[in-house]
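Written out below as structure tokens is the structure these notes cover.
Just so it is clear, the model here is predicted, and its values are computed rather than measured.
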Amino acid sequence: MPNLYMIEALKTYCLAIVDFTTEEIDVLEEYFEAVSIRKKEMLLHSGDVCDFIGFVTKGCIRHFHYRDGEEITCDITFEHAFFTEFNSFNLGTKSQIAFQAIEPTTLLVIKKQQLLALYESHPKFEELGRKIAENVAVRTTEIAMSLAADKPEKRYENLLREQPEIFQRIPQKYIATILGIQPESLSRIRKRVLTHLKS
């Protein structure tokens, strides 16, 4: 059963997106379950079906896939944000993405069957689901376009501006693959950016 802090964080996030009544928003705790995972513990393995949507209340989740046997980190979900692997969730196919806790992490999880039940009994939540999916799609597109068009230094500056906490909480090797560069290149870029900011 979700604790008060966890469910209030979820309600606050949802109310910022859709104008629910108190009665409507209170039903969320009936559909979400609390999950705690240890540092480095896997939440989803590549090749498994992703049948849930998660909302991080504390900690962070690393999204990664394999390329030529190497782990490639493609995103990080921090507190008070939703995540899932949409293709796998919607189509019931094997996930190309794996999820792993980088820190001890607590989250609220809703299974696909429960989400469909929520939509059926409270159709207004479909609007919330659509808007969350749109936000994730926009973020995914922005990440892909940045990797294709921006130079590594520009990608670093964007990450520093949009997710400054990533540099305090995430190992450098993961940040490097998010930026599409090698760890040693990240060190050089960081020094150049810091020098530029000080000048």
Side-chain angles (χ1 to χ4, degrees), residues 1-37 43-44 48-64 73-93 95-146 158-159 161-166 169-170 178:
M1 187 73 179
N3 64 35
L4 182 62
Y5 166 78
M6 296 174 76
I7 202 67
E8 287 303 316
L10 176 62
K11 289 179 180 179
T12 298
Y13 181 95
C14 294
L15 286 167
I17 299 175
V18 175
D19 187 23
F20 293 105
T21 65
T22 301
E23 291 75 18
E24 288 169 335
I25 201 69
D26 282 347
V27 305
L28 284 176
E29 55 192 298
E30 300 173 22
Y31 292 88
F32 281 81
E33 62 177 299
V35 175
S36 296
I37 51 177
L43 183 65
L44 177 74
D48 291 345
V49 175
C50 182
D51 65 347
F52 67 89
I53 295 175
F55 179 81
V56 179
T57 58
K58 185 179 180 182
C60 52
I61 297 290
R62 177 172 76 107
H63 308 212
F64 69 94
T73 301
C74 46
D75 203 1
I76 303 288
T77 299
F78 288 104
E79 289 90 353
H80 304 166
F82 280 100
F83 69 97
T84 190
E85 209 283 73
F86 274 105
N87 284 338
S88 179
F89 183 82
N90 289 327
L91 303 175
T93 53
S95 175
Q96 300 298 309
I97 302 294
F99 297 136
Q100 181 186 41
I102 293 182
E103 304 168 348
T105 298
T106 57
L107 54 152
L108 292 169
V109 167
I110 185 167
K111 293 296 185 76
K112 186 173 184 177
Q113 189 174 1
Q114 287 292 92
L115 180 65
L116 295 176
L118 175 62
Y119 286 169
E120 185 174 347
S121 59
H122 300 84
K124 194 171 179 181
F125 280 96
E126 289 193 57
E127 180 184 356
L128 175 69
R130 187 184 73 252
K131 289 185 175 181
I132 290 171
E134 288 170 355
N135 290 341
V136 171
V138 167
R139 175 168 171 75
T140 301
T141 301
E142 288 175 347
I143 290 171
M145 289 182 66
S146 179
N158 289 343
L159 197 61
R161 183 179 64 254
E162 295 165 7
Q163 291 184 295
E165 70 270 38
I166 201 170
R169 298 172 62 180
I170 308 302
I178 289 173

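- Once rounded to the nearest 0.5 Å, the distance linking CD of Gln163 with CG of Asn158 reads 11.0 Å.
- By the 4.5 Å heavy-atom criterion applied to side chains, Ile110 and Leu28 are not counted as neighbours.
- Of all heavy-atom pairs between Ile166 and Phe78, the closest is CA-CZ, 3.8 Å.
- Of the listed residues (Asn3, Leu4, Leu10), just one forms a side chain to side chain contact (heavy atoms under 4.5 Å, CB included) with Met6, and that residue is Asn3.
- Within the 3.5 Å criterion, the main-chain N or O of Ile97 finds a donor-acceptor partner in the side chain of Ser95.
- Annotation: side chain of Ile37 is in contact with side chain of Ile61 (closest heavy-atom distance under 4.5 Å).
- Below 30°, between 30° and 60°, or above 60°: for Phe125 and Phe20 the angle between ring planes is below 30°, a parallel geometry.
- For the atom pair CD of Glu85 and CG of Leu91, the computed distance is 9.0 Å after rounding to the nearest 0.5 Å.
- How far CG of Leu108 is from OG1 of Thr57: 5.5 Å, rounded to the nearest 0.5 Å.
- A pairwise comparison of heavy atoms in Ile76 and Cys60 identifies CG2-CB, 4.1 Å as the closest pair.
- Formation of a donor-acceptor pair under 3.5 Å by the Glu24 side chain with backbone atoms of Thr21 is found in this model.
- Other residues, nucleotides and ligands contribute only 12 or fewer heavy atoms inside 6.0 Å of the CD atom of Gln96.
- Side chains of Leu43 and Val109 form no contact here, defined as non-hydrogen atoms less than 4.5 Å apart.
- For Glu162, the CD atom counts as densely surrounded, since its 6.0 Å shell holds more than 12 non-hydrogen atoms of other residues, nucleotides or ligands.
- A 4.5 Å side-chain heavy-atom check between Val136 and Phe82 finds every atom pair outside the cut-off.
- Considering all non-hydrogen atoms of both residues, Ala101 and Thr105 come closest at CB-OG1, 3.7 Å.
- The minimum heavy-atom distance between Ser36 and Thr106, with the atom names listed, is OG-CG2, 3.5 Å.
- Here the straight-line distance linking atom CG of Leu115 with atom CD of Glu126 works out to 8.5 Å at 0.5 Å rounding.
- For His63, the ring pair (Phe, Tyr, Trp, His ring centres under 6.0 Å) test picks out Phe83, Phe99, with sequence neighbours left out.
- Put simply, the residue from Tyr13, Tyr31, Phe32 that forms a ring-ring contact (aromatic ring centres under 6.0 Å, His included) with Phe55 is Tyr13.
- Thr73 contributes no side-chain N or O that, together with a main-chain N or O of Phe64, makes up a donor-acceptor pair within less than 3.5 Å.
- Here Leu15 contributes atom CG and Thr22 contributes atom OG1; the two are 8.0 Å apart, rounded to the nearest 0.5 Å.
- Salt-bridge annotation for Lys58 and Glu103: absent, with no side-chain N of the basic residue lying under 4.0 Å from a carboxylate O of the acidic one.
- A donor-acceptor contact shorter than 3.5 Å links the side chain of Asn90 to the backbone of Phe86.
- For the side-chain hydrogen bond (donor to acceptor under 3.5 Å, both in side chains) condition, the pairs that include at least one residue of residues 127-137, sequence neighbours left out, are Glu127-Lys131.
- Of all non-hydrogen atoms in Ser88 and Cys50, the two that sit nearest each other are OG-N, 2.7 Å.
- Considering CD1 of Ile170 and CD1 of Ile102, their distance stands at 3.5 Å, rounded to 0.5 Å.
- Under the 30°/60° scheme for interplanar angles, the aromatic rings of Tyr5 and His80 are found to be tilted.
- Not a single donor-acceptor pair under 3.5 Å links the side chain of Lys11 to the backbone N or O of Asp26.
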